[in-house]
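One structure is given below, encoded as structure tokens.
This structure is a prediction, so every number in the text was calculated from the model and none was measured.
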Amino acid sequence: MKTTILNLLAFLFFVTLSACSDKDDPAPALNGEFKCSAEQLDFPIAGGDNVLTVMSAVKPEITVSESWVSVGNMEITGSQKNIYKFTLTAAANPQGSDREATATVKAGSDSAQVKLLQSAKPVLEADAASVAEAEKAFKAQGGAGSIKINYNLEYEVSATAEWIAIDNTRAVESKTIAFTVAPNPSTSPRTASIVIAPKGKADVTPLTVTISQEASESQPLLGKTAIQIAAEINAGINIGNTMEATGGETSWGNPKVNESYIQGLKDAGFNAVRIPCAWDSYIIDRNANTIDPAWLARVNEVVGWIVSRDMYAIVNIHWDGGWLEENVNEESKDRVIPKQKALWTQIANNLIGYNERLLFAGTNEPYQGKRDQMTAKEMAVLLEYEQVFIDAVRATGGNNASRTLIFQGPATDINKTVELMNVFPSDKAADRLMAEIHYYDPWNFCGMEKDESWGKMFFFWSQGHHVEGSDRNADWGEEDYMKAQFDKMKSQFVDKGIPVIIGEYGAIVTNPAGLKTEDKAANVASRAYFDRCVSQFGKERGLVPFLWDTGEIFDRNTGNVKATEIVKGIMEGSQAGKYPF
């Protein structure tokens, strides 16, 4: 009995000091006269050694069931010479699957089995022939494709663009990834990727397959005049603070425009979308004013989503860093005019294939920041800028020869336009011009964010929405004022056959500072009623309204309505208002 205890203590001491693998972890303690230090040994993909320790009264032998494991040297230790250390060596695993073997230990009449496991080399490979087929350009009408892969791990599949739909996003039981390419409504080709990425395997490179698609063909003209187009617009809205953001589409806090958002606009009743655009930020050659082709394609894509839904789209050159808007003067003409011509030539050529559902607007708010300085002299310069725009577009021919174009009043301000714009740009195409103004009156209610020395913020607009006893009720600029202002535009343009776009309007300050909690409902109701009035009174006078929204009214990811009361007011006003043409 004493001998047995001494043997056991010696074995335990040895096991404590020796590893059962090539790591530093100690082997588990062994009990009895015949014991193995492990029931399972794990080998890495690259192969390597593991140590199996056996306590036995007689010399043990080890055999293995698979050739990828070999038994190496044996070392005898322990004071009783009954501790045996065997080195088992695994070759690298070239297979795409885990593998298993058994080591059988025999010592006289005693025996034990040890499971030997080796993980597989991670495999995520695409079949070259299927990739080559998938990467062939799809026709504009779209279609289906597939990619065959070899793998031994979980993976997930995603597409970098909405127009590629993955039919099975994860399928370990399948070796084919099916996908569908939607029809391309854009008149420029497009490219995106399918990415097949391993789950939880940072050391495995994802597979990327490039999917391209041809452009849609040029759309036949509908033969619509500017008045006919205006008459078809129920309600318009802006994609504000997005594609005109000078640091990139998402740099002003909004996500990239997607199809779900555009569909949401249509579902809510809007059938025209103004797309404020920056271009200066995307110039890749300053000498020639060359626009990055990728940005031209991106604008084309968004236009395609709108027009393919039988909605109208307006593309402009927005503030864009102010290169034109802040330089409506004689001193700037020599550098502004060539750039205006170059940019509009490229924009027009890129979007030439769309029919009249696409309109172009030459500027945004010319000299808005210096409107008090505008005189007849600056007005003459603005007319030159707008004439360059019209002539550049018409010179590209095709559908652009008869596309409806929009010119802007000075600062898009109604009073300045009445005062200074007595002459309009000329156009070789008959009945294809619209004018544009913006409407944010009274500014105290529509856009003022804090009280100023010249006036304070209004929270409540229209007598029916005033809060009794409040000093925040509007004291000017209500319904009669709005009607009178719109009447000026009717006389100035509509009565002469030129419809007017209210390119921007809205009470755009939400929850203004100082608004009491109990008065929030009255403020929202005031804003909704203001928008309703613009929609109704504008349409009744031949003015086509486009709400300014920077993400408050609609969820930019899903297209769901966020400000239901505002949209309800606009649609009620649009239904009540009837164009005079």
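In terms of modelled atom types and a separation under 3.5 Å, the side chain of Trp252 and the main chain of Thr550 share no donor-acceptor contact. Judged by distance alone, the side chain of Glu249 and the main-chain N or O of Ala245 form no donor-acceptor pair under 3.5 Å. Looking only at distances, no side-chain donor or acceptor of Thr246 sits under 3.5 Å from a matching main-chain atom of Asp320. Using a distance-only test at 3.5 Å, with no hydrogens or angles considered, a donor-acceptor pair links the side chain of Glu162 to the main chain of Glu259. Remark: side-chain polar atoms of Lys266 are paired, donor with acceptor, to backbone N or O of Arg309 under 3.5 angstrom. At least one donor-acceptor pair closer than 3.5 Å links the side chain of Asn258 to the backbone N or O of Asn557. With hydrogens and angles ignored, the 3.5 Å screen pairs a side-chain donor or acceptor of Ser526 with a backbone N or O of Trp461. Between the side chain of Gln575 and the backbone N or O of Glu572 there is no donor-acceptor pair closer than 3.5 Å. Distance alone, capped at 3.5 Å, is enough to place a donor-acceptor pair between the Asn238 side chain and the Gly503 backbone. Remark: the backbone N or O of Val328 is not paired with any side-chain donor or acceptor of Ser332 at under 3.5 angstrom.
Between Tyr439 and Phe486, the two ring planes are perpendicular [angle over 60°; tilted spans 30° to 60°].
Side-chain contact check for Ile437 versus Val500: some heavy-atom pair is nearer than 4.5 Å. A 4.5 Å side-chain heavy-atom check between Val509 and Met448 finds every atom pair outside the cut-off. The shortest distance between side-chain heavy atoms of Asn560 and Phe554 does not fall below 4.5 Å. Taking the side chain as every heavy atom from C-beta outward, Leu543 and Phe537 never approach each other to under 4.5 Å. Residues Ile553 and Val567 are in side-chain contact: their nearest non-hydrogen atoms beyond the backbone lie under 4.5 Å apart. Side-chain contact between Glu479 and Ser462 is present, with heavy atoms from C-beta onward closer than 4.5 Å. Considering only heavy atoms from C-beta on, Phe445 stays 4.5 Å or farther from Tyr440 through its side chain. The closest side-chain heavy-atom distance from Leu351 to Asn399 is not below 4.5 Å.
Nearest heavy-atom pair, Thr345 versus Ala392, reported as atom, atom and distance to 0.1 Å: OG1-CB, 3.9 Å. Across all their heavy atoms, Val494 and Pro499 have their closest contact at CG2-CA, 4.4 Å. In this structure, Glu356 and Lys224 approach most closely via the heavy-atom pair OE2-N, 2.9 Å.
Ion pairing between Glu301 and Lys256 fails under the 4.0 Å rule for side-chain N and carboxylate O. Between Glu331 and Lys333 there is no salt bridge, since none of the side-chain N atoms of the basic residue sits less than 4.0 Å from a carboxylate O of the acidic one.
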request  = May I have the step-by-step check of side chain to side chain contact (heavy atoms under 4.5 Å, CB included) for Arg298 and Met243, ending in yes or no?
outcome  = CA-CA 10 Å; Arg298 173 59 179 158; Met243 300 190 77; 4.0 Å; yes
Derivation and outcome, ring pair (Phe, Tyr, Trp, His ring centres under 6.0 Å), residues Trp548 and Tyr505 = CA-CA 6 Å; Trp548 181 256; Tyr505 77 91; over 10 Å; no
inquiry  = Checking Leu433 against Phe424 for the side chain to side chain contact (heavy atoms under 4.5 Å, CB included) test, could you report, in this order, the C-alpha distance in whole Å, the side-chain angles of both residues, the deciding distance, and whether it holds?
reply    = CA-CA 10 Å; Leu433 290 181; Phe424 310 146; 5.9 Å; no
message = What verdict does the side chain to side chain contact (heavy atoms under 4.5 Å, CB included) test give for Leu265 and Val273, after you've listed the backbone C-alpha separation in whole Å, the side-chain angles of each residue and the deciding distance to 0.1 Å?
response = CA-CA 9 Å; Leu265 298 180; Val273 182; 4.0 Å; yes
inquiry  = Evaluate Lys562 against Asp555 for salt bridge (Lys or Arg N to Asp or Glu O under 4.0 Å), listing each step before the verdict.
reply    = CA-CA 6 Å; Lys562 293 164 63 177; Asp555 185 307; 5.9 Å; no
inquiry  = For Asn364 and Thr412: C-alpha separation, side-chain torsions, deciding distance, then whether side chain to side chain donor-acceptor pair (under 3.5 Å) applies.
reply    = CA-CA 8 Å; Asn364 174 48; Thr412 54; over 6 Å; no
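Expressed to the nearest 0.5 Å, how far CE of Met457 lies from CG of Asp451 amounts to 4.5 Å. Atoms OG and CG, from Ser535 and Leu547 in turn, are 8.0 Å apart once rounded to the nearest 0.5 Å. Rounding to the nearest 0.5 Å gives a distance of 8.0 Å between CZ of Arg357 and CG of Asn271. Once rounded to the nearest 0.5 Å, the distance linking CG of Asp531 with CD1 of Ile570 reads 4.5 Å. Distance CG/Asn289 to CH2/Trp323: 8.0 Å, rounded to 0.5 Å. For the atom pair CG (Asn422) and CD (Gln492), the distance works out to 6.5 Å, reported to the nearest 0.5 Å.
Taking a 6.0 Å sphere around CD of Glu232, one finds it holds more than 12 heavy atoms contributed by other residues, nucleotides or ligands. By the 6.0 Å contact criterion, NZ on Lys428 is open, its count of non-hydrogen atoms from other residues, nucleotides or ligands being 12 or less. Counting heavy atoms of neighbouring residues, nucleotides and ligands inside a 6.0 Å radius, atom NZ of Lys578 exceeds 12 of them. Heavy atoms of other residues, nucleotides or ligands lying less than 6.0 angstrom from CD of Glu217 number 12 at most.
With 3.5 Å as the limit, one finds no donor-acceptor pair spanning the side chains of Tyr367 and Glu325. A donor-acceptor pair shorter than 3.5 Å cannot be found between the side chains of Glu419 and Asn415. With hydrogens and angles left out, the side-chain atoms of Glu540 and Gln536 include a donor and acceptor closer than 3.5 Å. Between His465 and Glu478, the side chains place no donor N or O within less than 3.5 Å of an acceptor N or O (distance only, hydrogens not considered). Looking at Gln387 and Asp391, their side chains do bring a donor and an acceptor atom within 3.5 Å of each other. For the residue pair Glu326/Trp319, the side-chain donor-acceptor check at 3.5 Å is satisfied. Side chain to side chain, Asn473 and Ser470 fail the donor-acceptor criterion of an N or O pair below 3.5 Å. Residues Thr242 and Arg556 have side chains that bring a donor and an acceptor to within less than 3.5 angstrom of each other. Donor-acceptor pairing under 3.5 Å is recorded for the side chains of Thr375 and Glu378. Side chains of Gln485 and Lys488: a donor on one and an acceptor on the other come within 3.5 Å.
Among Arg394, Arg403, Arg432, the one residue that satisfies the salt bridge (charged side-chain N to carboxylate O under 4.0 Å, His left out) test with Asp427 is Arg394.
The cationic group of Arg274 does not satisfy the cation-pi geometry with Phe546, failing either the under 6.0 Å distance to the six-membered ring centre or the 45° limit from the ring axis.
Note on residues 337-355: pairs passing salt bridge (Lys or Arg N to Asp or Glu O under 4.0 Å), not counting sequence neighbours, are Asp280-Lys339.
Aromatic pair Trp344/Phe360: centroids less than 6.0 angstrom apart. For Phe407 and Phe389, the gap between ring centers reaches or exceeds 6.0 Å.
In this structure, the side-chain contact (heavy atoms from CB on, under 4.5 Å) partners of Asn184, at least two apart in sequence or on a different chain, are Ser186, Arg190, Gln213.
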